[in-house]
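Below, chains carry the letters A, B, ... as their sequence lines are ordered, and counting in each starts from 1. Atom set for the values below is all heavy atoms of this structure, side chains included, hydrogens, waters and symmetry mates excluded. Nothing here was measured: the structure is a model prediction, and the numbers come from that model.
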Protein chains: 4
Amino acid sequence: MRLKDEQKFEAIIRATLELTHEKGLAGIKMSELARKAGIATGSLYTYFEDKQDILLSVDREVRSRGAAYLMQASTDDEENYEGRVKTYVGQYADFVSANREAILFIDLLQRSPFMTERSYQDTVDQYRFTLELVEEGQNAGLVREGDPEEMVHVIDSIIKMLIDHRQTHLKGAYDEEVRNRCKEYVWAVLKK
Amino acid sequence: MRLKDEQKFEAIIRATLELTHEKGLAGIKMSELARKAGIATGSLYTYFEDKQDILLSVDREVRSRGAAYLMQASTDDEENYEGRVKTYVGQYADFVSANREAILFIDLLQRSPFMTERSYQDTVDQYRFTLELVEEGQNAGLVREGDPEEMVHVIDSIIKMLIDHRQTHLKGAYDEEVRNRCKEYVWAVLKK
Amino acid sequence: MRLKDEQKFEAIIRATLELTHEKGLAGIKMSELARKAGIATGSLYTYFEDKQDILLSVDREVRSRGAAYLMQASTDDEENYEGRVKTYVGQYADFVSANREAILFIDLLQRSPFMTERSYQDTVDQYRFTLELVEEGQNAGLVREGDPEEMVHVIDSIIKMLIDHRQTHLKGAYDEEVRNRCKEYVWAVLKK
Amino acid sequence: MRLKDEQKFEAIIRATLELTHEKGLAGIKMSELARKAGIATGSLYTYFEDKQDILLSVDREVRSRGAAYLMQASTDDEENYEGRVKTYVGQYADFVSANREAILFIDLLQRSPFMTERSYQDTVDQYRFTLELVEEGQNAGLVREGDPEEMVHVIDSIIKMLIDHRQTHLKGAYDEEVRNRCKEYVWAVLKK
DNA sequence: AATGAATGAGAATTCATTCAT
DNA sequence: CATGAATGAATTCTCATTCAT
């Protein structure tokens with residue numbers, strides 16, 4: 001797998017995300033996928049075992065890229081907690097905006113029959129940094145009591161909804177304004 | 001269509017929601033759907049034009065039932081605004097919990113090859129009551145400034161996330177505790 | 001079969017002919033046939049065994065009516081042979097015009113898989129009168145030499161074509177003019 | 001469509017004509033058609049959209065070949081008009097005899113649920129040469145008066161009937177004798 | 001008898017996967 | 001390796017026939 005052409009591998013991933021965005025998981029046909037990736041149908045099988053392999057590989061790839069991004073998100077030099085949270089939320093919002101297709105893909109795959117097993121741990125790992133930020137706030141008495149994990153999910157859903165709503169329903173572009181609203185709403189939920 | 005038996009119509013809708021929950025949209029086979037609904041495969045075509053017609057009809061049906069439920073939700077005799085919001089959120093949470101399959105279905109259908117077009121208006125109608133509640137709060141100076149429609153979506157996503165997280169990740173049943181947390185988080189987002 | 005309602009039997013025959021005219025044999029659906037005949041689908045099976053039985057029955061019925069008509073065609077009191085031929089052709093043309101649907105039906109059924117066997121004799125019987133008229137002319141030295149049976153078929157096809165062409169392509173009604181042209185062309189073929 | 005193999009396209013057309021001849025239009029099954037054409041069922045869909053597309057394509061193909069044949073039919077070096085007509089009728093009869101399946105197919109397709117619309121023009125084009133020959137004869141005072149188009153149809157039906165009668169009813173082969181009879185009968189109809 | 005919904009065998013169609021070029 | 005036509009198993013859909021009302 002993935003012998004010669006790293007570029008084609010990339011193209012297939014991109015095509016999968018685009019196609020999922022357009023027609024959902026159920027709408028992915030190997031022939032269309034190939035066309036979108038600019039290769040022949042048969043060539044898909046040079047890079048991947050079968051259809052499920054493509055989907056799971058895209059999932060893996062996209063998750064690891066997301067984790068990498070969130071890992072390197074820095075909040076260090078901010079003085080107070082609220083500021084650090086907002087900085088982080090801003091970064092997270094940027095990431096979500098830049099990776100809407102990937103996020104949708106993961107979301108759909110999660111609840112699909114293609115997903116045989118998916119360790120819950122994966123998801124936890126991904127949110128480790130956010131989780132720690134929330135727990136720190138709780139320890140400092142700045143954040144409301146409650147299951148931090150649940151709170152992370154709520155935060156996550158708020159940010160995704162704000163960005164999706166802006167782009168899908170209002171046809172507007174992601175901008176500083178949405179970014180700030182993410183910060184506001186998240187902080188409203190967190191603060192004691 | 002739908003000549004004889006209202007019960008069969010119902011059975012098909014129920015079977016569609018169950019099957020979608022179990023295997024995703026792509027996993028719906030007419031034969032299995034018929035078996036689950038307790039009728040012959042061919043009979044599906046007595047009630048519906050084709051597969052897409054089934055899915056779009058289920059979508060329509062489920063949406064209109066949701067809208068009907070939310071319309072009749074009463075908050076009248078509560079004295080103060082906060083109390084009325086929380087009563088409403090509680091009812092909303094009950095509804096979401098009782099209709100998870102339907103909500104998943106709508107969500108998946110949205111991005112699927114079966115969905116040709118979907119007027120945004122549909123969604124707005126559904127949220128009319130919630131929208132009015134938010135606007136009332138803003139007029140009374142009790143709710144934060146901001147696009148009320150966006151706020152409604154945020155509220156919606158918070159409630160759905162809380163319930164989904166409890167049931168999917170924590171394998172817990174929906175109960176008074178989750179219900180209360182919905183109220184808390186929503187109020188935190190709304191209040192000035 | 002054909003117990004109570006002779007009228008329904010008639011209606012089914014008429015519906016079959018109409019439907020065949022509109023969509024050909026391949027386009028006959030039991031449900032549509034029933035609707036056109038003004039009865040329920042299931043009722044077709046009260047009058048006929050199955051689909052093939054309908055088609056063969058219609059064939060039998062229509063043929064026997066045609067034969068009856070042609071049998072009673074009279075040419076007796078005309079003085080000369082040419083006049084008798086033309087009188088007969090006129091009557092035959094009237095018949096063809098009045099029974100276009102039935103004639104088309106027989107024609108299509110002839111070459112269809114529904115027609116398991118069809119004794120050649122049937123056809124010959126039908127044309128007996130015409131045949132005798134031709135043979136009489138040959139014996140009197142008024143008609144060209146040649147296989148009389150073949151000649152009858154040629155005459156038949158000329159008349160049908162003239163009437164069909166007028167009605168189908170020219171959208172015109174059958175009238176004295178076409179009737180006369182039938183006589184002319186037929187006599188041109190026959191006369192020595 | 002029709003990307004690779006012109007031969008397969010040909011095979012499908014041939015198979016369609018054969019199958020129609022054997023079992024009628026209603027008897028054409030995609031699976032059988034594929035078997036007869038020597039390809040897999042699914043491959044039919046590489047060359048054609050669906051069943052209707054096959055039938056209409058065969059119709060188009062067969063008509064255009066017929067038109068091409070009749071176009072190139074030469075009558076040039078014959079001295080007199082009668083001779084030229086007879087030469088042409090002979091060629092026409094050869095063509096009809098060699099293409100009975102195609103002619104049957106067109107005839108059946110005409111009145112079938114597959115035929116949506118069929119411009120009358122198509123047929124006229126096909127007969128252009130015959131038409132001109134008749135008109136020439138009329139102008140020279142050698143051919144009877146009358147609508148030339150109608151006359152062409154009559155001629156056409158005579159030739160088809162003669163050949164069909166010989167082959168179907170008399171089980172005889174097409175030969176010089178039938179060919180000559182075609183000439184005789186047609187000339188009898190035309191000549192003034 | 002009449003009705004028309006229900007049935008399911010069978011035909012049409014789709015599409016992941018293979019394979020000859 | 002790349003290609004895209006070919007394959008046929010799996011699925012959707014049709015419709016003659018049956019049957020409960």
Side-chain angles (χ1 to χ4, degrees), chain A residues 3-5 8 26-35 37-54, chain B residues 1-5 7-9 26-35 37-54 113, chain C residues 1-5 8 26-35 37-54, chain D residues 1-5 7-9 26-35 37-54 113:
Chain A
L3 299 175
K4 266 284 163 51
D5 223 345
K8 296 225 176 94
I28 294 182
K29 292 177 204 167
M30 297 299 270
S31 56
E32 214 174 333
L33 190 54
R35 184 161 5 99
I39 61 177
T41 305
S43 302
L44 289 172
Y45 293 84
T46 303
Y47 295 88
F48 299 95
E49 204 60 44
D50 55 19
K51 190 174 180 178
Q52 168 149 330
D53 184 34
I54 292 184
Chain B
M1 301 296 126
R2 200 193 329 182
L3 303 170
K4 252 291 172 49
D5 212 325
Q7 265 183 297
K8 298 231 175 78
F9 186 78
I28 294 182
K29 294 174 206 163
M30 297 303 267
S31 55
E32 216 173 331
L33 190 53
R35 185 161 2 97
I39 60 179
T41 302
S43 301
L44 290 172
Y45 294 86
T46 301
Y47 293 87
F48 300 95
E49 204 62 41
D50 55 17
K51 190 173 179 177
Q52 168 155 327
D53 185 36
I54 292 183
Chain C
M1 300 300 123
R2 206 185 333 172
L3 300 176
K4 265 283 164 56
D5 224 345
K8 296 224 174 95
I28 294 181
K29 293 178 203 166
M30 295 300 269
S31 56
E32 215 174 330
L33 190 53
R35 184 162 2 99
I39 60 177
T41 306
S43 301
L44 289 173
Y45 293 83
T46 301
Y47 296 88
F48 299 94
E49 203 63 43
D50 55 18
K51 191 174 179 178
Q52 168 150 331
D53 184 35
I54 293 183
Chain D
M1 299 299 125
R2 199 188 338 177
L3 303 169
K4 252 296 171 45
D5 212 324
Q7 264 184 298
K8 297 230 174 79
F9 186 78
I28 294 182
K29 293 174 205 163
M30 297 301 269
S31 55
E32 216 174 329
L33 190 53
R35 184 160 4 97
I39 60 179
T41 302
S43 301
L44 289 173
Y45 295 86
T46 302
Y47 292 87
F48 299 94
E49 204 62 42
D50 53 18
K51 190 175 179 176
Q52 167 154 330
D53 186 34
I54 293 184

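Closest-nucleotide positions on DNA chain E for B/G42 and A/S43 were compared, and the one nearer the 5' end corresponds to B/G42. When the nearest nucleotides of DNA chain E are assigned to D/M30 and A/K29 by heavy-atom distance, the more 5′-ward of the two goes with D/M30.
Relative to the side chain of B/Y45, the nucleotides F/dA6, E/dT7, F/dT12 differ in distance, and F/dT12 lies closest. In the set F/dA2, F/dT17, F/dG4, the nucleotide with an atom closest to the side chain of A/T41 is F/dG4. Of all nucleotides listed (E/dT7, F/dC13, E/dT13), E/dT7 comes nearest to the side chain of B/T46.
As judged by a 4.0 angstrom heavy-atom cut-off over every strand, B/L44 is placed among residues making no nucleic acid contact. Counting non-hydrogen atoms under 4.0 angstrom, B/I28 reaches the backbone sugars and phosphates but no base.
The side chain of D/Y47 contributes an N or O atom lying less than 4.0 Å from OP1 or OP2 of F/dA6. The phosphate of E/dA2 (OP1 or OP2) has a side-chain N or O of C/K8 nearer than 4.0 angstrom. Put simply, A/K51 has no side-chain N or O that comes within less than 4.0 Å of OP1 or OP2 on E/dC15.
At whole-Å resolution of the value, CD1 in D/I39 and C1' in F/dT7 are 10 Å apart. We find that CZ of A/F48 is positioned 16 Å from C1' of F/dC1, with the value rounded to whole Å.
Looking at heavy atoms from C-beta onward, B/M30 lies in side-chain contact with B/I54 at the 4.5 angstrom threshold.
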